[in-house]
Amino acid sequence: MAPIITIDGPSGSGKGTIASRLAGILGWRCLDSGALYRLLGYAAGQAGISLDNADELARLALDMRIEFRDGQVLLDGEDVTLAIRSEQAGNAASKVAALPEVRAALLAWQRACAVEPGLVADGRDMGSVVFPGADVKIFLDASAEERAQRRYKQLIEKGLSANLQSLVAEIRERDDRDRNRSVAPLMAPEGALIVDSTALSIDEVLERVLDRVYQIL
Ligand code: C5P
């Protein structure tokens with residue numbers, strides 16, 4: 001079984017950045033599981049499927065042809081890298097992610113990513129549901145205001161439009177939905193190192209995570 005590091009946390013906590021930096025340092029594969037839910041939310045919009053139609057969404061999840069290639073995300077051959085990063089796609093993702101049928105449909109695809117020499121997986125339930133036997137578990141948190149600021153900067157840098165006030169409100173709403181859903185709610189898995197990144201730089205967070213990784217691996 002390939003070694004696995006899971007990084008869970010709310011949106012904007014920096015888990016995606018830390019996961020890809022860590023995967024780069026170790027030379028391991030990286031799984032951005034949030035992108036799967038974003039892809040499904042986007043694909044549902046394209047196909048005109050309602051975000052609460054669990055059976056149709058689960059079928060769509062199984063049929064989607066997904067490729068992650070050199071930083072690009074392809075859906076059935078179409079480059080959707082930018083399209084799935086909008087706040088609208090994030091909100092659609094969090095709605096479809098609350099459906100147990102959807103989560104079950106995406107489970108095998110995620111587990112198949114655990115290949116040698118190792119996998120760094122980031123999301124909400126990586127350490128609790130998808131890879132409960134992971135070697136190292138990290139939970140990254142930060143205040144909602146700080147996370148909204150970071151998202152604002154990212155969106156502006158990507159040339160997308162953004163409004164800070166509505167980002168704070170959307171982040172709170174999404175957190176609430178992710179933490180309080182009945183299936184695979186966002187939580188720190190047992191045994192996880194909890195890092196609050198509100199007042200830390202990316203390098204400081206990475207240093208703490210690496211300390212933990214080298215202690216265990
Ligand atoms: O991490 P990201 O913001 O891209 O995730 C988008 C949404 O997908 C989250 O708000 C969450 O509802 C859902 N998600 C999830 N489980 C994961 C990863 C993401 O439910 N493992």
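Just so you know, ligand 1 is whichever comes first in the structure, and atom 1 is the first atom listed for that ligand. Atom set for the values below is all heavy atoms of this structure, side chains included, hydrogens, waters and symmetry mates excluded.
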Q: Hey, is CD on Gln46 packed in by over 12 heavy atoms from elsewhere, all under 6.0 Å?
A: yes
Q: Apply salt bridge (Lys or Arg N to Asp or Glu O under 4.0 Å) to Glu204 and list each qualifying residue two or more places apart in sequence or on a separate chain.
A: none
Q: List, by chain and then residue number, the residues other than Leu140 in its hydrophobic cluster (Ile/Leu/Val/Met/Phe/Trp/Tyr, side-chain heavy atoms under 4.5 Å); write none if there are no others.
A: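 Its cluster partners, ordered by chain and number, are Ile5, Ile7, Ile18, Leu22, Ile25, Leu26, Trp28, Val120, Val136, Ile138, Leu193, Val195, Leu200, Ile202, Val205, Leu206, Val209, Leu210, Val213, Tyr214, Ile216, Leu217.
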Q: Check the surroundings of atom NZ in Lys153: do more than 12 heavy atoms from other residues, nucleotides or ligands lie under 6.0 Å from it?
A: no
Q: Within the 3.5 Å criterion, strictly below it, is a donor on Tyr42 or Glu78 matched to an acceptor on the partner's side chain?
A: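 Judged by distance alone, the side chains do pair up.
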Q: If the criterion is any heavy atom closer than 4.0 Å to an atom of ligand 1, which residues make the list?
A: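 Correct list: Ser11, Lys15, Ser33, Gly34, Tyr37, Arg38, Arg85, Ala93, Ser94, Ala97, Arg103, Gly123, Arg124, Asp125, Met126, Arg151, Arg174, Asp178, Arg181.
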Q: Under the side-chain contact (heavy atoms from CB on, under 4.5 Å) test, which residues partner Ala104, sequence neighbours left out?
A: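 Partners of Ala104 under the side-chain contact (heavy atoms from CB on, under 4.5 Å) test: none.
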